[in-house]
Amino acid sequence: MINFTVGPVQMEEEIREIGAEEIPYFRTPEFSALMKENESLMTRFMKAGDKARTVFLTASGSGAMEAAVINLFTPDDRLLVVNGGSFGARFVKICAVHGIPYDEIKLESGRKLTAGHLIPYAGQGYTGFLVNVHETSTGVLYDMDLISRFCRKNGMWLVVDAISSFLADDFRMEEWGVDLVLTGSQKALALPPGIAAVVMNERAVKRVEKAEPRSLYFNLKDCLRDGERGQTPFTPAVGILIQMNRRLKMIDEKGMEREREQIESLASDFRRQISGMPFEIVSESLSAAETPLHPTGTLPDGSPVSAYRIFEILKDEYGIFVCPCGGELAEKVFRVGHIGHLTAEDNKKLIDALKDMQNRGLL
């Protein structure tokens, strides 16, 4: 099996072996030291600055999204949300569930965010800006320089979901004035799903410490307090955090920029090889994490090729997983991920499988 999805992704053998070990008791000095290392490395990799803090939640990335919103904002705030797909819509739903006023910048699938989209909202009293820097459901990477300038000019808190973008694309938290950024273990970190990291700058930490969110489990103030001693308020996914420690050290040993360059190289290699085949890349602004493809061919009976059927055939007949889309994009778009323990040889196997499908009249 070769996994080209955008999470969970393929893991290195050393990381898998750690996952097979017995899970130790965690209220110990040794585990606390490991967690402090995790925090230090994650904060540095986000380029967050010396006074930033990182906390770890045993949750999916969506749990971290909800925690970010309810710890930084209240019904007295007014938020602006970029909604360009399923995960932008998730930020919208979180705001609605918690009664936090918001307006959404609704983008068509595959379209990038432009200055023209932001102009109508300038100077309108918004206090916070929520964005999934890489809208994983459509493959669009948003312009953080543009967003940063807008938020600074308008005095807005900036919250960024970098779940699928972290390590695949450049991210400069301190330089861009990002107050809180979050990511998940199952994307480019190439770990099992179950851990979300929330990185906060100094002013976000101060705001969280004064917040009174209506939540026990997602109260980040408690996470910050326990994190001072390298612990968590509740039992964490201990095994994944141990795997994370090794994975972060592996990235540090190789160099974070080399890690990112490797992902970019795999993405470029795949996009070069797919050129000339019956596919259209449907994003106006691509992340290195994935390539969203719309099949342009027709079957012998004249019907359009189904993106979801490509996913099924690759899975069932070739042992290769790509990432299907849901909703109205299910038949139109599938996505090829470039994160995780993948190689150029894996790219070749996927291309060969697609060419074989083309020869069989399936594309």
Side-chain angles (χ1 to χ4, degrees), residues 1-46 53-64 162-168 171 181-199 223 226-263 266 289 319-321 323 337-346:
M1 185 269 284
I2 306 176
N3 185 354
F4 283 94
T5 69
V6 200
V9 300
Q10 294 194 167
M11 296 184 288
E12 299 201 33
E13 183 176 357
E14 181 178 351
I15 301 300
R16 295 200 307 271
E17 289 174 352
I18 293 171
E21 295 175 0
E22 289 285 353
I23 297 174
Y25 182 63
F26 64 100
R27 302 295 191 196
T28 63
E30 292 80 8
F31 188 74
S32 292
L34 177 146
M35 287 293 285
K36 294 296 286 183
E37 282 186 326
N38 285 355
E39 177 177 1
S40 175
L41 288 165
M42 182 65 72
T43 306
R44 177 153 57 86
F45 290 168
M46 283 292 188
R53 291 287 309 280
T54 297
V55 300
F56 299 96
L57 302 174
T58 297
S60 68
S62 297
I163 293 174
S164 55
S165 178
F166 178 55
L167 296 177
F171 196 85
V181 61
L182 56 101
T183 192
S185 55
Q186 78 277 21
K187 303 294 185 179
L189 278 171
L191 301 167
I195 291 292
V198 180
V199 186
C223 298
D226 282 24
E228 291 285 355
R229 59 188 181 92
Q231 289 290 331
T232 56
F234 308 100
T235 302
V238 175
I240 302 174
L241 288 164
I242 294 171
Q243 290 172 298
M244 177 179 286
N245 184 257
R246 181 63 194 125
R247 175 73 173 123
L248 290 172
K249 287 180 177 178
M250 291 167 71
I251 294 169
D252 197 34
E253 291 161 5
K254 180 165 65 173
M256 190 184 70
E257 295 307 315
R258 283 193 61 196
E259 181 80 13
R260 184 166 62 85
E261 288 167 2
Q262 181 177 326
I263 295 170
L266 285 171
I320 296 174
F321 280 87
C323 211
H338 310 298
I339 53 180
H341 188 49
L342 292 169
T343 66
E345 181 60 28
D346 293 326

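This chain uses plain numbering: 1 for the first residue, then up along the sequence.
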- Would you please test I195 and L241 for side chain to side chain contact (heavy atoms under 4.5 Å, CB included) and show each step? CA-CA 8 Å; I195 291 292; L241 288 164; 3.9 Å; yes
With a 4.5 Å limit on heavy-atom distance, are the side chains of [X] and [Y] in contact?
{"X": "Q262", "Y": "K254", "result": "yes"}
{"X": "I18", "Y": "R16", "result": "no"}
{"X": "M35", "Y": "T232", "result": "yes"}
{"X": "D252", "Y": "F45", "result": "yes"}
{"X": "M250", "Y": "I15", "result": "yes"}
{"X": "R229", "Y": "K36", "result": "no"}
{"X": "P24", "Y": "I242", "result": "yes"}
{"X": "I2", "Y": "F321", "result": "no"}

Approximate separation, where rounding is to 0.5 Å, of [X] [atom1] and [Y] [atom2]:
{"X": "K249", "Y": "M244", "atom1": "NZ", "atom2": "CE", "result": "13.5 Å"}
{"X": "L248", "Y": "L34", "atom1": "CG", "atom2": "CG", "result": "9.5 Å"}
{"X": "Q243", "Y": "E21", "atom1": "CD", "atom2": "CD", "result": "9.0 Å"}
{"X": "R44", "Y": "I251", "atom1": "CZ", "atom2": "CD1", "result": "11.0 Å"}

With no hydrogens and no angle check, is any side-chain donor or acceptor of [X] less than 3.5 Å from a backbone partner on [Y]?
{"X": "Q186", "Y": "P193", "result": "no"}
{"X": "D346", "Y": "T343", "result": "yes"}
{"X": "Q231", "Y": "D226", "result": "no"}
{"X": "K187", "Y": "S165", "result": "no"}
{"X": "T43", "Y": "E39", "result": "yes"}

Please give me the minimum heavy-atom distance between [X] and [Y], naming the atom from each residue.
{"X": "V6", "Y": "S164", "result": "CG1-CB, 4.2 Å"}
{"X": "A64", "Y": "A196", "result": "CB-CB, 3.7 Å"}
{"X": "S185", "Y": "P192", "result": "OG-O, 2.7 Å"}
{"X": "G239", "Y": "I23", "result": "N-CG2, 4.3 Å"}
{"X": "T54", "Y": "A197", "result": "CG2-CB, 4.3 Å"}
{"X": "G337", "Y": "L342", "result": "O-CD1, 3.7 Å"}

- Message: Evaluate T183 against M46 for side chain to side chain contact (heavy atoms under 4.5 Å, CB included), listing each step before the verdict.
- Response: CA-CA 10 Å; T183 192; M46 283 292 188; 4.0 Å; yes
- Item | Heavy atoms from other residues, nucleotides or ligands near CZ of R27 exceed 12 (cutoff 6.0 Å) |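 Yes, enclosed.
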- Task: May I ask you to decide if the ring planes of F31 and F26 are parallel, tilted or perpendicular, using 30° and 60° as cut-offs?
- Result: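 Geometry flag for F26 against F31: perpendicular rings.
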Give a yes or no on whether a salt bridge exists between [X] and [Y], defined as a side-chain N under 4.0 angstrom from a carboxylate O.
{"X": "E259", "Y": "R247", "answer": "yes"}
{"X": "R260", "Y": "E257", "answer": "yes"}
{"X": "E253", "Y": "R246", "answer": "yes"}

- Message: side chain to side chain contact (heavy atoms under 4.5 Å, CB included), that's the test. Do I339 and Q10 meet it? Break it down for me.
- Response: CA-CA 8 Å; I339 53 180; Q10 294 194 167; over 6 Å; no
- side chain to side chain contact (heavy atoms under 4.5 Å, CB included) between L167 and L189, intermediate numbers included: CA-CA 8 Å; L167 296 177; L189 278 171; 4.0 Å; yes
- Query: Does the side chain to side chain donor-acceptor pair (under 3.5 Å) test come out yes or no for E37 and N245, once each step is laid out?
  - Reply: CA-CA 7 Å; E37 282 186 326; N245 184 257; 3.1 Å; yes
